[in-house]
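Just so we're on the same page: letters track the sequence lines, and every chain starts at 1.
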There are 2 protein chains.
Amino acid sequence: MSLRYALLGFLITTPLSGYQLATRFKSGGGLFWEAVPSQIYRELAALEVLGWIAPAPEGLPARNQRVYEVTSAGAAAMDAWCAEAQDYPPERDPERVRLLNMDGAPPAQIRAHLEAHRDHYADRRRFWQARCDEVDAGHYARLNARLQRYPAERHAFIIGQVRRLFAGNVRRCETEIAWAEEFIAWLDGDTSHGPAP
Amino acid sequence: MSLRYALLGFLITTPLSGYQLATRFKSGGGLFWEAVPSQIYRELAALEVLGWIAPAPEGLPARNQRVYEVTSAGAAAMDAWCAEAQDYPPERDPERVRLLNMDGAPPAQIRAHLEAHRDHYADRRRFWQARCDEVDAGHYARLNARLQRYPAERHAFIIGQVRRLFAGNVRRCETEIAWAEEFIAWLDGDTSHGPAP
DNA sequence: CTGCCCATGTAAATCGTTACATGATTAC
DNA sequence: GTAATCATGTAACGATTTACATGGGCAG
């Protein structure tokens, strides 16, 4: 159900085609949500039936694109969804399940998984830091497009808000990196294997 | 697919019934994975067809329970899965999607969501800290049952390993709490609204 | 004119959620 | 005997993944 609103959030900012949305939701590059084209096209069709989006009339669509914009009903639904209380998704962490059941495995195998963990979150940290840098430089296209919907005196507040969302993800990544590095150091430490922090 | 191995991980430690597994996977109490009974019973049936689990012969099942234990094929499959490289699940964070699209909303609404975030992770922090405390006190039943599968000289290592997994989740929660609190402080701060960290 | 990227989908399978059905046992 | 809990499921639906189908436009 969140895909629906993640899509609306992009379309409210700027009318886009399914293909353009797919590039923004692709694996490793999504803004808090990721999805594949087949899922996006299906959801767009559902949103059009709901009357929450409609083909954008302005300008002839380049190539054979179908560009959508959000209707007033869609914008209202978006606002209502955002206001709802969050119900937190169930805990599902396949990597922790692996590590929990890896107690019989050789330390080298545990170490390899922790190194992959560290490297993965180092990549993700770079991604989110790049988003922060773009915000700081005023080069973040989606944010700039979005700011145009609001009066200038609110811009600093909105920029600060978005900046904190991105910085929060940088921080998550740093927590994971530090955890993995300390775990690896413990594995590499002397055989006394002192108590965990 | 991870549910399958999360179940195997419990059954390897101790033979259990579907109902007993369901209590260990219930929302808010799962060990890195959560699932509802209907999903667990379906997966157990699939695992029995695969020959990875089998009804435990020992002792008459109390009431009308069906208690399963892991076969040698199941144990081998578990080890193979644990050794696999982790492929990280796609990023899907409905709460961040909400907050990202809440830029037009009144600060009170943003604040309410951040307070719920803080409170949620404070709850989760207590949960994981309780697991850490149980490990430290030697009262963690699943870990103690699991240790019996290994020679005594490896126990300290395994305890340290599990302790670090739990402590890592405590740390994640603390990161979320600190982030939310700083965000709230910024919202409550003077109207200058300085730069994000 | 061939290969590549743009662009929109369909189909099947798997995984997860919600609602419901059914009966046994235990506590009061 | 009645309610709560134990215990095992079925059915239907919803969300996600994977694989495939199809055609247009552009660069070499």
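Here R92(A) lies in heavy-atom contact (under 4.0 Å) with sugar-phosphate atoms only. Counting non-hydrogen atoms under 4.0 angstrom, S38(A) reaches a base of the nucleic acid.
With R124(A) contributing its side chain and G28(A) its backbone, the two residues share a donor-acceptor pair below 3.5 Å. The closest donor-acceptor contact from the side chain of H155(A) to the backbone of Y150(A) lies under 3.5 Å.
Here the rule is ring-ring contact (aromatic ring centres under 6.0 Å, His included) with Y5(A), and of W33(A), W81(A), F32(A), F10(A) only W81(A) fits it.
One atom, CD of Q39(B), and another, P of dA7(D), lie 20 Å apart when rounded to the nearest Å. The interatomic distance linking F25(B) (CZ) with dT17(C) (P) rounds to 13 Å, in whole Å. In this entry the distance linking CG of L16(A) with C1' of dA7(C) reads 14 Å, nearest Å. Rounded to whole angstrom, the span from the CZ atom of R4(A) across to the P atom of dT16(D) amounts to 11 Å. Rounded to a whole Å, the CG atom of D87(B) is 17 Å from the P atom of dT16(D). Taking atom CD on E43(A) and atom P on dA15(D), their separation rounds to 7 Å, with Å as the unit. If you take CD1 of I40(A) and P of dA15(D), they are 15 Å apart, rounded to a whole angstrom. Straight-line distance from the CD atom of E91(B) to the P atom of dT17(D): 13 Å, rounded to whole Å.
The side chain of Y19(A) sits closest to dC6(C) out of dC6(C), dA12(C), dT17(C). Relative to the side chain of N64(A), the nucleotides dG24(D), dT17(D), dA15(D) differ in distance, and dG24(D) lies closest. For L3(B), the listed nucleotide lying nearest its side chain is dG16(C); candidates were dG9(C), dT8(D), dG16(C).
With hydrogens and angles ignored, a donor-acceptor pair under 3.5 angstrom links the side chain of R42(B) to the base of dG16(C).
With ring centers used as reference points, F157(B) lies under 6.0 Å from W186(A).
Mapping P90(B) and Y41(B) onto DNA chain D by nearest heavy atom places Y41(B) at the nucleotide closer to the 5' end.
OP1 or OP2 of dG9(D) sits under 4.0 Å from a side-chain N or O of R66(B).
Taken to the nearest 0.5 Å, the CG atom of L99(B) stands 5.5 Å off from the CG atom of L165(A).
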